[in-house]
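Order of the sequence lines fixes the chain letters, A, B, ..., with proteins taken first and strands second; residue numbering starts at 1 for each chain.
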Number of protein chains: 2
Amino acid sequence: MGTKQQLTERISTLLRDSKLSITDTRVKILELFMRSNGALEHSDFEKLAGKSFDRVTVYRTLQTFLEKGIIHKIPTTDTSVRYAVCKSECTEHHHHDHHVHFKCETCGHTTCLDETDVPNIQLPKGYAMHNVEVVVNGVCKSCK
Amino acid sequence: MGTKQQLTERISTLLRDSKLSITDTRVKILELFMRSNGALEHSDFEKLAGKSFDRVTVYRTLQTFLEKGIIHKIPTTDTSVRYAVCKSECTEHHHHDHHVHFKCETCGHTTCLDETDVPNIQLPKGYAMHNVEVVVNGVCKSCK
DNA sequence: TGTAATTTTGCAACAATGTTGCAAATAAAA
DNA sequence: TTTTATTTGCAACATTGTTGCAAAATTACA
């Protein structure tokens, strides 16, 4: 998985490529994303990581990452908003978010199933499709 | 579509079948659902319907309807929570929510595509599937 | 490397949304 | 009609998200 230094380097490159300043907050939030291998919600950032972040900064950082195509949102049925890092195909103005999200009902964790394709859906006449979001609820590997 | 009286009768039956008292608030909220033919969110109930409902009552009413299987939630990528009436296959402890939801990016309206089946999804080994939620974003018939 | 221009951060204050306890009002049961 | 059980509305509070602005950090440039 690489050393801590390699991770930091990878993050710096990502920020530079997105034309964003490299700041402590951005680096630490991206570290959390890269390490978690799943979806994070807002409250996770205030708890985790020893240092506690200012709420406003977290909101603005996530907003910025969204706009730059670094992260994407995952649909939920409650008021929480979940985010996960995008794969390489995502760019500033186009999210290629064609994978399936899995939410475990036992541990509550949401993961991106990158290998699982979103199947084709036949819409009724007159509807134009831009984007499909799929969330599967169930029990994950670790919880069985 | 039936008269107003027929609608009221249908609603009363639904409430009685769910073992719920028939109250003004519940009847009026169900009327809104039946008439809207789409998803409603919390703020819709305070605006609509001439009479304005108490916020707390709306929250509790929606919660009750959810528990009785009268309505279901629709996943969103923001903090709003959207609800729609269930079809007949839904019961108190089992939601047969196997249809596709369509969200129009132009008018913002969310509809249930009852005729559009959720396709089968092949999960990686070790994952157990309970329920699949699909939201298609695009442009609806009326907005084209 | 040091300085100026730009961007980001954190605080304060506010707005919106969701929750809880309890007494009054309403609906159902007897 | 009266009693019992449920539901409602208010008040107070908790949580979550937003905006303006000055201080701090980062970047650009000499």
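Each of D:dG9, C:dA28, C:dT9 was ranked by its minimum atom distance to the side chain of A:Thr61; first place goes to C:dT9. When distances run from any side-chain atom of B:Val56 to the nucleotides D:dT27, C:dA27, D:dA11, the shortest one goes to D:dA11. Closest to the side chain of B:Arg26, out of D:dG9, D:dT7, C:dT9, is D:dT7. Checking C:dC11, D:dG9, D:dG17 against the side-chain heavy atoms of A:Tyr59 singles out D:dG17 as nearest.
Going from atom NZ of B:Lys19 over to atom P of C:dA29 covers 11 Å, rounded to whole Å. Rounded to a whole Å, the CZ atom of A:Phe53 is 14 Å from the P atom of C:dC11. Summarising the geometry, the separation between CZ on A:Arg60 and C1' on C:dT7 is reported as 11 Å, rounded to the nearest angstrom. In this structure, B:Glu67 atom CD and D:dT7 atom P are separated by 11 Å, rounded to whole Å. Distance CZ (A:Arg16) to C1' (D:dA28): 15 Å, rounded to an integer number of Å. The separation between B:Ile22 atom CD1 and D:dA5 atom P is 20 Å, rounded to whole Å. A straight line from NE2 of A:His42 to P of D:dT18 spans 9 Å, rounded to a whole angstrom. Note: CG (A:Asp54) to C1' (D:dA24) measures 13 Å, nearest angstrom.
Side-chain atoms of A:Arg55 stay outside donor-acceptor range of the base of C:dG10, with no qualifying N/O pair under 3.5 Å.
Between A:Ser21 and C:dT7, a side-chain N or O to OP1/OP2 separation shorter than 4.0 Å is absent. Side-chain N/O atoms of A:Thr23 include one lying less than 4.0 angstrom from OP1 or OP2 on C:dT9. The phosphate of D:dG9 has OP1 or OP2 within less than 4.0 Å of a side-chain N or O from B:Thr57.
The shortest distance between side-chain heavy atoms of A:Thr111 and A:Cys140 does not fall below 4.5 Å. Residues A:Glu41 and A:Asp44 form a side-chain contact, since some pair of their non-hydrogen atoms from C-beta on lies under 4.5 Å apart.
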Open item on the list: Could you go through A:Phe45 and A:Phe33, starting from their C-alpha distance and side-chain angles, then the distance that decides it, and tell me whether this counts as ring-ring contact (aromatic ring centres under 6.0 Å, His included)?
Closed with: CA-CA 10 Å; A:Phe45 299 105; A:Phe33 270 120; 5.4 Å; yes
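Between B:Thr79 and B:Leu20, the residue anchored nearer the 5' end of DNA chain C, judged by the nucleotide with its closest heavy atom, is B:Thr79.
Under the 3.5 Å distance criterion, the side-chain polar atoms of B:Ser21 are left unmatched by any main-chain donor or acceptor of B:Thr23.
Under the 4.5 Å side-chain contact rule for hydrophobic residues, A:Val85 and A:Tyr59 do not share a cluster.
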